[in-house]
Amino acid sequence: MRAGRGYGGGGGVNHLATAIGLVLGIVAGLLAAVTGIPLLDGLIAVAAPFGTLFINAIRMVAIPLVITTIFVGVAGLGSPGTVGRLGGSAVAFFWGTTIAAIVIGIVLMQLVLGFWPVTVQVGAAGEALPEIPGLLDFFLGLIPANPFAAASDDALLPLIVFTVLVAVAAGALSGDRRGRLIRLAEDVSAMFVKLIEWILWAAPVGVFGLTAPVIAELGFGLLASLLVFVATVVAGLFVFMALFYLPLVRFVGGKGVVEFASGVVGTYTIGFSTTSSVASLPVMFEDADNLGVSPTVSSLVLSLGAAINRAGSALFQAAAVVLLAALSGIPLSAATLAGAGMVGFLVAMSVAPVPSASIVTLAPILEAAGVPVTGLGILLGIDRIPDMFRSATNITGHVACAVVVEGVAGASPADGADRIPEGAA
């Protein structure tokens, strides 16, 4: 029997109860928005702090969980070549699917606007544009001058680079020293896994508290004003997953479509409700383990995916550029779209794994396309809905990548996959 992570069985998240909490949150929010019943408003106001507590509790454990899982997986590999093989396969998956998502977002939004032109008008007031780091700055930022500062700033990618380098160095030590370090990291990881198990028992209440207030605030009127855009993005995300994730999982990862789809229900639900890759890591580890992904592969690939895999966000941003250009009456040439797509590709790798981060990082892409950023206020008003779907797509992609990398590279016992015992991350 394969080694587990400690999430499964009776100690993990109750997916059915969590899904029920999500549905109840949507229903309660819609009823509150339509009826204005004080009792419902009071219930949602009471539930909202529990959603905040839930997400804060998961984030509290996320960083040390990422560090220990990567360290155990990479240090157990021993060979730097094996680390490069697994990491290279994952990065190729992330980059390829992100480019495909950008193309789908642009093409689909243009097609839809041809049939259903938008009528909302964007104001002309200018806004200050945040600067996007250049390519050199991006790579320089991968090596943190202070890993502790990177952790406190939630800069996950530099922290992962630091952890991988330390783990590779540990893997190159003599057998005894290497074994002691790995066992220590396994014990620390098991401790955080246990803490996550306790937190995830509150998932149904936490998901309700996260969802109901948002739906109640948006209501039907605000959603209807940009229904075309929201529907296009949501449809595009499902088209993208059907065209890329499912075939790759089936033909490269060797998993059936139904098996994979049913295996990521928990991941999709938590990602949909929390809109955070980092917050969803514990459930991703559980689902990947149930899909037959070795701990060695999932430890590296899922944590790396939480840092740089934003295909769903890239699709949303590409569609948003086309929409806001149409609202402003600005035509987009093929060259302009290509330039904006390239900026979007770089931005997608640095989007923070937190809710609505794609809106903030959309401004540099709009600048590259020559589109005013005044429309961002419109998107902020309805962002929570597409944010739920694009975040769930991102997170499903993390697990899909782990399945694909397992199929391409595999983690043989000699690679250290059997060195992670039951209960370790």
Side-chain angles (χ1 to χ4, degrees), residues 2-3 5 66 69-70 73-74 76-77 81-104 157 160 164 237-268 270-271 277 280-281 283-315 345 348-349 353 390-413 415-417 420 425:
R2 288 173 24 80
R5 290 186 175 279
V66 167
T69 53
I70 291 181
V74 174
L77 292 174
T82 305
V83 177
R85 176 164 53 89
L86 297 179
S89 299
V91 169
F93 179 97
F94 297 150
W95 286 2
T97 53
T98 297
I99 292 173
I102 292 172
V103 173
I104 289 177
L157 186 54
I160 285 178
V164 168
L237 292 171
F238 282 105
V239 168
F240 166 69
M241 288 191 288
L243 291 180
F244 291 92
Y245 286 163
L246 295 182
L248 285 170
V249 165
R250 173 66 182 89
F251 296 108
V252 182
K255 296 293 178 184
V257 171
V258 175
E259 179 186 5
F260 175 78
S262 61
V264 294
V265 169
T267 290
Y268 193 93
I270 293 295
S277 292
S280 304
L281 269 174
V283 183
M284 282 192 280
F285 283 132
E286 177 185 353
D287 286 350
D289 187 73
N290 292 335
L291 286 168
V293 179
S294 64
T296 302
V297 171
S298 60
S299 296
L300 178 62
V301 172
L302 294 180
S303 299
L304 185 62
I308 68 173
N309 183 35
R310 298 288 181 274
S313 300
L315 188 151
F345 175 77
M349 292 187 294
R390 69 175 179 257
S391 297
T393 300
N394 292 339
I395 293 161
T396 302
H398 305 343
V399 181
C401 181
V403 172
V404 169
V405 171
E406 180 76 25
V408 172
S412 66
D415 290 331
I420 302 179

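Computed from heavy atoms alone, side chains included, the values below leave out hydrogens, waters and symmetry copies. For the single chain, residues carry numbers from 1 onward in sequence order.
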C401 SG to Y245 OH distance, which is reported to the nearest 0.5 Å:
8.5 Å
Salt bridge (Lys or Arg N to Asp or Glu O under 4.0 Å): which pairs involve residues 254-263, sequence neighbours left out?
K255-E259
Reported CG-to-OG1 distance for the pair L248 and T97, which is rounded to 0.5 angstrom:
8.0 Å
Can you name the nearest heavy-atom pair linking A90 to V301, along with the distance?
CB-CG2, 4.1 Å
Side-chain donor-acceptor pair present, N394, S313, cut-off under 3.5 Å
yes
Distance in Å, D289 CG paired with M284 CE, rounded so as to fall on 0.5 Å steps
14.0 Å
So, for A288 and S298, which heavy atoms are closest and what is the spacing to 0.1 Å?
CB-CB, 4.2 Å
Under a 4.5 Å cut-off applied to non-hydrogen side-chain atoms, are V293 and L302 in contact?
no
For F244, which residues count as a ring pair (Phe, Tyr, Trp, His ring centres under 6.0 Å) partner, sequence neighbours excluded?
F240
Taking it one step at a time, do R310 and T98 satisfy side chain to side chain contact (heavy atoms under 4.5 Å, CB included)?
CA-CA 7 Å; R310 298 288 181 274; T98 297; 5.9 Å; no
Kindly indicate, with the supporting measurements, whether the criterion side chain to side chain contact (heavy atoms under 4.5 Å, CB included) is fulfilled by V283 and I395.
CA-CA 10 Å; V283 183; I395 293 161; over 6 Å; no
Using the test side chain to side chain contact (heavy atoms under 4.5 Å, CB included), find all partners of F238 that sit at least two apart in sequence or belong to another chain.
V234, M241, Y268, F389
Which atom of D287 lies closest to which atom of V265, heavy atoms considered:
OD2-N, 4.5 Å
Measure the CD1-OG distance between I270 and S391 for me, rounded to the nearest 0.5 Å.
13.0 Å
Give the minimum heavy-atom separation between I102 and A314, together with the two atoms involved.
CG1-CB, 3.7 Å
For F285 and S299, which heavy atoms make the closest approach, and how far apart are they?
CE2-CA, 4.0 Å
Full working for side chain to side chain contact (heavy atoms under 4.5 Å, CB included) between V249 and V399:
CA-CA 10 Å; V249 165; V399 181; over 6 Å; no
